[in-house]
J.: 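There's a structure below that I have some questions on.
Remember, predicted model here, so these are calculated numbers, not experimental data.
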Amino acid sequence: MPRAARPAATRPRFLLDPKLERYAYRCFPDGCPRDRTCCVGLAVEVSKREVRAIDSLMDELARIVPTLRCEDGYASVFVDEEPPDLLIESDDDGACPFLYRTKKNALCSIHSLALATGRHVPDVKPAACRHWPVMLERDGNDVRVTVQPHALKIGCVAPRRELPGKPSVLEAYREEIAEMCGGEVPLCAAASRAAKVRVASDRAARVHVKQRAAKRGDGAR
Ligand code: SF4
């Protein structure tokens with residue numbers, strides 16, 4: 001007896017939020033201001049591959065952040081979330097354990113180590129961190145590519161008139177947005193609203209929609 005055809009899996013469309021063009025992005029090349037960083041107060045979701053990559057660097061990372069080392073090895077910094085993914089467990093003050101501070105700045109030790117040793121940053125730094133301040137959020141069957149609201153409070157994102165000469169978030173993050181959407185980015189937000197964006201797997205969308213979620217509803221940091 002012939003089997004009934006399985007219904008095709010519903011695949012989300014990716015839609016670009018116009019905010020990606022309305023907001024500009026500024027990078028703090030020497031590190032974020034000490035007290036204004038996305039590395040405090042947010043939950044970072046990591047894949048098993050990312051955990052393995054970071055684990056392989058722990059000895060070097062602990063030279064930058066000594067608290068990563070403990071008597072019997074290294075601090076346990078990953079906690080189980082919904083399988084198959086894990087979260088980086090924050091310190092008591094809400095900071096990521098890989099964050100370190102200089103007199104003026106707050107920096108990611110994973111990123112710093114990669115730059116200092118010639119490693120490819122995307123090979124070792126979690127995607128959730130590389131994609132900041134861009135996020136995906138569900139919109140019915142679609143997935144909206146938008147800007148993290150917390151980024152406005154931190155100051156790395158602002159309306160374009162407030163950051164003259166700086167690129168829009170879309171311009172600055174085109175490569176990352178393509179990665180988040182499975183390889184393609186619409187040319188402009190208006191085009192995406194006309195539903196021309198490509199689709200990617202449910203799995204990709206699920207992961208990115210959740211990652212780098214605010215721990216606190218009010219976004220306080
Ligand atoms: S891994 Fe690095 S970028 Fe990501 S939250 Fe931690 S310190 Fe920040």
J.: In the hydrophobic cluster built from side-chain contacts under 4.5 Å, what are the other members alongside Val121?
T.: Leu115

J.: Under the salt bridge (charged side-chain N to carboxylate O under 4.0 Å, His left out) rule, collect the residues that match up with Glu162, sequence neighbours excluded.
T.: none

J.: If a pair satisfies side-chain hydrogen bond (donor to acceptor under 3.5 Å, both in side chains) and one of its residues is in residues 98-108, list it, with sequence neighbours excluded.
T.: Tyr100-Ser112

J.: Considering only residues two or more places apart or on different chains, which pairs with a residue in residues 35-69 satisfy ring-ring contact (aromatic ring centres under 6.0 Å, His included)?
T.: none

J.: For residues 161-181, pull every pair meeting ring-ring contact (aromatic ring centres under 6.0 Å, His included), keeping only residues two or more places apart or in separate chains.
T.: Tyr25-Tyr173

J.: For Pro149, what residues pass the side-chain contact (heavy atoms from CB on, under 4.5 Å) criterion, not counting sequence neighbours?
T.: Met135

J.: Which pairs count as salt bridge (Lys or Arg N to Asp or Glu O under 4.0 Å) when at least one residue sits in residues 107-127, sequence neighbours excluded?
T.: Glu60-Arg119

J.: Would you be so kind as to tabulate the donor-acceptor pairs closer than 3.5 Å made by side chains of residues 72-79, with sequence neighbours excluded?
T.:
residue : atom : partner : partner atom : Å
Tyr74   : OH   : Asp59   : OD1          : 3.4

J.: Using atom types as modelled and distance alone, determine if a side-chain donor or acceptor of Glu50 lies under 3.5 Å from a backbone N or O of Ala127.
T.: yes

J.: For Arg144, which residues count as a salt bridge (charged side-chain N to carboxylate O under 4.0 Å, His left out) partner, sequence neighbours excluded?
T.: Glu137, Asp139

J.: For Ser109, give me all partners under side-chain hydrogen bond (donor to acceptor under 3.5 Å, both in side chains), at least two apart in sequence or on another chain.
T.: none

J.: What residues form a side-chain contact (heavy atoms from CB on, under 4.5 Å) with Arg52, not counting sequence neighbours?
T.: Lys48, Arg49

J.: Could you list the residues that satisfy salt bridge (charged side-chain N to carboxylate O under 4.0 Å, His left out) with Glu171, not counting sequence neighbours?
T.: Arg160

